[in-house]
Amino acid sequence: MKNKIIELLNGAIDILDTAQITDILEEPPKKELGDYAFPCFRLAKEMHKAPQMIASEIAEKIEKPDFVDRIEVQGAYVNFFVNKTQNAEGVIAASIDDSYGSSEEGKGKVICIDYSSPNVAKNFHVGHLRTTVIGNSLYKIYSKLGYKVERINHLGDWGTQFGKLIVAYKKWGSEEEVKEKGIEELMRLYVLFHDEADKDEALFDEARAWFHKMEIGDEEALSIWKWFFDISLEEFKRTYALMGMEFDHFTGESFYRDMTGDVVNELTEKGLLTDSEGAKIVDLSEYDMAPCLILKNDGSSIYATRDIAAVEYRKKTYNFEKCLYVTGQEQKLHFAQVFKVMELLGNEWAKDSLIHIPYGLVSLAGEKLSTRGGNVIYAEDILKEAISKIREIIDEKNPDLSDEEKEEASRIVGVGAVIFNDLYNQRIKDVSFSWSHITSFEGETGPYVQYTYARCSSILRNFDNFKPSTDIDYSVLTDETSTELLKEISRFPAIISEAAERYEPSVIARYAVDLAQAFNRFYTENRIMVDDTKIRDTRCTVTAITRRILKDSLDLLGIGVVEKM
């Protein structure tokens with residue numbers, strides 16, 4: 001309906017194109033002002049007329065079509081009141097297909113998303129949840145738009161920290177303890193190293209020496225490193241499985257270590273490398289940036305070197321349209337440096353194709369989480385705690401469910417509650433956990449949206465094999481709550497596009513809440529279990545469409561649904 005209004009205005013206004021009209025057209029704050037309003041202030045200067053006069057002239061030029069009940073001029077605004085029956089018919093016709101919201105805009109195009117990327121030999125803590133759930137949601141959003149998405153887990157599996165861990169293991173660890181306790185023991189050793197290094201700085205030199213051994217292929221160093229890597233990856237995959245997430249590639253920093261020599265050679269040939277106290281850097285002072293360190297003074301590579309190698313490998317291998325990096329905002333400078341180096345190497349595509357997607361911190365009870373300090377909250381523990389709390393609520397509210405149904409619902413709703421709490425916030429903002437809010441079935445939460453989905457399912461179970469249809473009575477859908485629900489349904493495709501353009505899953509999460517709230521108002525005001533089959537089938541059709549869009553919205557966030565709750 002909005003597009004039809006834009007077409008009407010396009011035929012009446014010569015000095016604006018369709019995109020400009022779309023940008024100006026508004027939805028009035030009050031229903032008595034119409035469904036759409038076109039303000040004429042912007043045209044006054046160019047047309048040399050008062051906005052009120054321009055509004056009157058535009059209204060006179062438009063021949064009212066059947067889908068508009070009336071057109072009114074109020075001050076400088078041209079207000080359109082759409083025919084609610086025809087509006088309902090148009091929305092249902094557009095949204096009844098299962099593919100509603102999908103598009104082919106990304107057909108034949110590849111997007112790489114680098115996300116999650118925990119550090120090997122450190123546990124997957126709650127701080128890793130943000131990059132993981134944001135990246136997973138972006139993968140689903142872009143897939144919905146037809147892109148081929150490569151999900152890349154750039155594990156932090158290389159660097160001086162492994163030299164530290166090897167030193168700690170050889171001095172204070174044992175094979176038996178590591179085999180028995182796994183990553184818990186590796187974490188203990190890592191924290192112990194820093195405690196001891198605060199008293200003896202020579203330990204840092206030992207750590208650098210061990211990492212240098214890794215760099216030159218020392219068999220013992222690489223053997224210990226690979227052992228620690230395998231232990232870590234096993235834990236990571238267990239946490240990903242709990243969240244229902246997968247990756248196409250676990251290619252961490254070590255994957256690119258043999259490519260760093262080519263990076264150094266290329267930078268040297270282009271005259272970009274300079275010496276700095278024995279290290280090799282790319283001077284970026286011309287761009288108001290600190291230098292990008294490429295080689296340390298002992299000849300070892302650094303993560304910037306490996307990130308440059310990774311960009312070149314991904315471009316060559318996948319020919320991506322965009323490569324997205326979902327990391328904390330504290331890495332903003334690092335990626336600005338890497339992207340600028342890629343540009344200086346002559347890659348014009350780097351300006352528009354390499355994108356850093358930052359996010360804020362996550363905390364529990366307002367306290368920042370720190371690996372080195374030992375104040376670590378395991379992501380797996382957070383998820384299991386959420387599952388446990390949801391199980392308690394389900395046991396109380398719906399004891400008639402079977403144990404199997406309760407277990408499934410608790411897992412899906414509990415994990416979903418944690419993910420939704422994160423994604424409902426704009427990604428750049430910090431997130432704090434509040435159990436009472438996260439697990440609430442009321443308000444702007446995951447459980448509320450999932451419960452609304454389950455309510456839709458419960459309604460439709462009363463009508464076995466019900467299939468939504470366009471052969472319904474659209475006049476039934478002209479009341480205020482029905483109109484508002486249809487309005488939310490009609491927004492879904494634009495919401496997906498907006499989330500993709502802004503790299504912002506919160507757009508989807510907030511929409512899911514809006515849709516759920518609109519349905520619950522509709523359900524309160526409109527009886528569905530009625531004798532009149534036309535009314536019943538019409539309202540059931542809207543319920544079925546809402547149910548599917550709720551499911552699709554949650555899926556775009558990486559959250560599942562349950563039929564009973």
Side-chain angles (χ1 to χ4, degrees), residues 116 123-126 128-130 132-133 136-137 140 182-184 233-247 362 364 377-424 433-462 464 509 512-513 516 519-520 543-544 546-565:
S116 194
N123 66 289
F124 193 106
H125 63 74
V126 69
H128 292 123
L129 281 175
R130 296 224 68 191
T132 305
V133 301
N136 186 61
S137 181
K140 288 176 172 289
I183 206 163
E184 179 185 346
L233 189 57
E234 183 179 350
E235 168 156 324
F236 298 159
K237 287 185 175 181
R238 187 175 67 244
T239 303
Y240 294 136
L242 186 58
M243 292 190 285
M245 297 179 186
E246 296 179 344
F247 289 86
V362 61
L364 192 66
I377 310 294
Y378 279 52
E380 189 175 21
D381 290 343
I382 287 282
L383 296 169
K384 287 181 176 179
E385 179 72 9
I387 293 169
S388 175
K389 288 181 180 296
I390 293 295
R391 177 60 185 261
E392 291 175 6
I393 296 171
I394 292 176
D395 281 339
E396 178 186 348
K397 301 290 186 182
N398 198 348
D400 294 335
L401 290 178
S402 68
D403 285 343
E404 186 177 346
E405 288 173 327
K406 289 179 181 178
E407 183 177 344
E408 180 189 29
S410 299
R411 177 181 58 80
I412 293 174
V413 177
V415 171
V418 174
I419 294 174
F420 194 92
N421 178 69
D422 188 303
L423 296 182
Y424 189 78
F433 276 85
S434 166
W435 283 119
S436 60
H437 172 73
I438 289 173
T439 58
S440 174
F441 282 76
E442 298 177 357
E444 299 162 344
T445 68
Y448 171 75
V449 177
Q450 289 170 308
Y451 177 75
T452 304
Y453 171 87
R455 168 177 275 178
C456 292
S457 296
S458 176
I459 292 167
L460 295 173
R461 276 197 299 273
N462 292 314
D464 292 340
V513 169
F519 175 79
N520 285 318
T543 300
T546 301
R547 173 180 176 270
R548 191 193 68 246
I549 297 175
L550 284 171
K551 181 178 181 179
D552 288 350
S553 298
L554 289 168
D555 180 69
L556 289 172
L557 299 173
I559 298 171
V561 294
V562 291
E563 301 301 318
K564 296 179 181 180
M565 192 179 297

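Here the CD1-OG1 distance, from I459 to T543, works out to 5.0 Å after rounding to the nearest 0.5 Å. Rounding to the nearest 0.5 Å places CD of E380 at 11.0 Å from CG of L129. Between the OG1 atom of T132 and the CG atom of D422 there is a distance of 9.5 Å, given to the nearest 0.5 Å. Between the NE2 atom of H437 and the OH atom of Y424 there is a distance of 8.0 Å, given to the nearest 0.5 Å. A distance of 10.0 Å separates CZ of R548 from OG of S553, quoted to the nearest 0.5 Å. Taking CD1 of I559 as the reference point, atom OH of Y453 lies at 14.0 Å (rounded to 0.5 Å).
Using a 4.5 Å heavy-atom threshold, the side chains of K397 and F441 count as separate. Taking the side chain as every heavy atom from C-beta outward, Q450 and F420 never approach each other to under 4.5 Å. A heavy-atom distance below 4.5 Å is found between the side chains of V133 and M245. The side-chain heavy atoms of R411 and E407, taken from C-beta on, include no pair separated by under 4.5 Å. Taking 4.5 Å as the limit, every side-chain heavy atom of N136 sits out of range of all side-chain heavy atoms of F247. Contact annotation: the side chain of S116 never approaches that of F236 to less than 4.5 Å [non-hydrogen atoms, C-beta and beyond]. For the pair V561 and L550, the minimum side-chain heavy-atom distance is 4.5 Å or more. Counting heavy atoms from C-beta on, the side chains of I387 and V415 come closer than 4.5 Å.
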Review point. For R455 and F519, what are the C-alpha separation, side-chain angles and deciding distance, and is it a side chain to side chain contact (heavy atoms under 4.5 Å, CB included)?
Key: CA-CA 10 Å; R455 168 177 275 178; F519 175 79; 4.1 Å; yes
**Asked** Can S388 and K384 be said to form a side chain to side chain contact (heavy atoms under 4.5 Å, CB included), step by step?
**Response** CA-CA 6 Å; S388 175; K384 287 181 176 179; over 6 Å; no
TODO: For R238 and E235, run salt bridge (charged side-chain N to carboxylate O under 4.0 Å, His left out): C-alpha distance rounded to whole Å, both residues' side-chain angles, the deciding distance at 0.1 Å, then the answer.
DONE: CA-CA 5 Å; R238 187 175 67 244; E235 168 156 324; 3.7 Å; yes
Practice item. For R547 and E563, run salt bridge (charged side-chain N to carboxylate O under 4.0 Å, His left out): C-alpha distance rounded to whole Å, both residues' side-chain angles, the deciding distance at 0.1 Å, then the answer. Key: CA-CA 10 Å; R547 173 180 176 270; E563 301 301 318; 3.0 Å; yes
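Contact record, L401 with M565: CD1-C, 3.9 Å, taken as the closest heavy-atom pair. Of all heavy-atom pairs between T439 and I393, the closest is O-CD1, 3.5 Å. Taking all atoms of both residues into account, the shortest heavy-atom contact from V562 to A454 is O-CB, 3.7 Å. The two residues A409 and I394 come nearest to each other via the heavy atoms CB-CD1, 3.7 Å. Of all heavy-atom pairs spanning A516 and T452, the tightest one is CB-OG1, 3.6 Å. Shown here for E184 and Y378, the closest heavy-atom pair between the two residues is CA-OH, 4.1 Å.
Dense packing is recorded around NZ of K406, with more than 12 heavy atoms of other residues, nucleotides or ligands lying under 6.0 Å away. No more than 12 heavy atoms of other residues, nucleotides or ligands lie within 6.0 Å of OH in Y451, so this atom counts as exposed by the packing criterion. The neighbour count for E234 CD, taken as heavy atoms of other residues, nucleotides or ligands under 6.0 Å away, does not exceed 12.
Judged by distance alone, with hydrogens and angles left aside, the side-chain atoms of N421 form no donor-acceptor pair with the main-chain N or O of A417 at under 3.5 Å. Side-chain atoms of S137 come within 3.5 Å of backbone N or O of L556 as a donor-acceptor pair.
Using a 4.0 Å cut-off between charged side-chain N and carboxylate O, D395 and R391 make a salt bridge.
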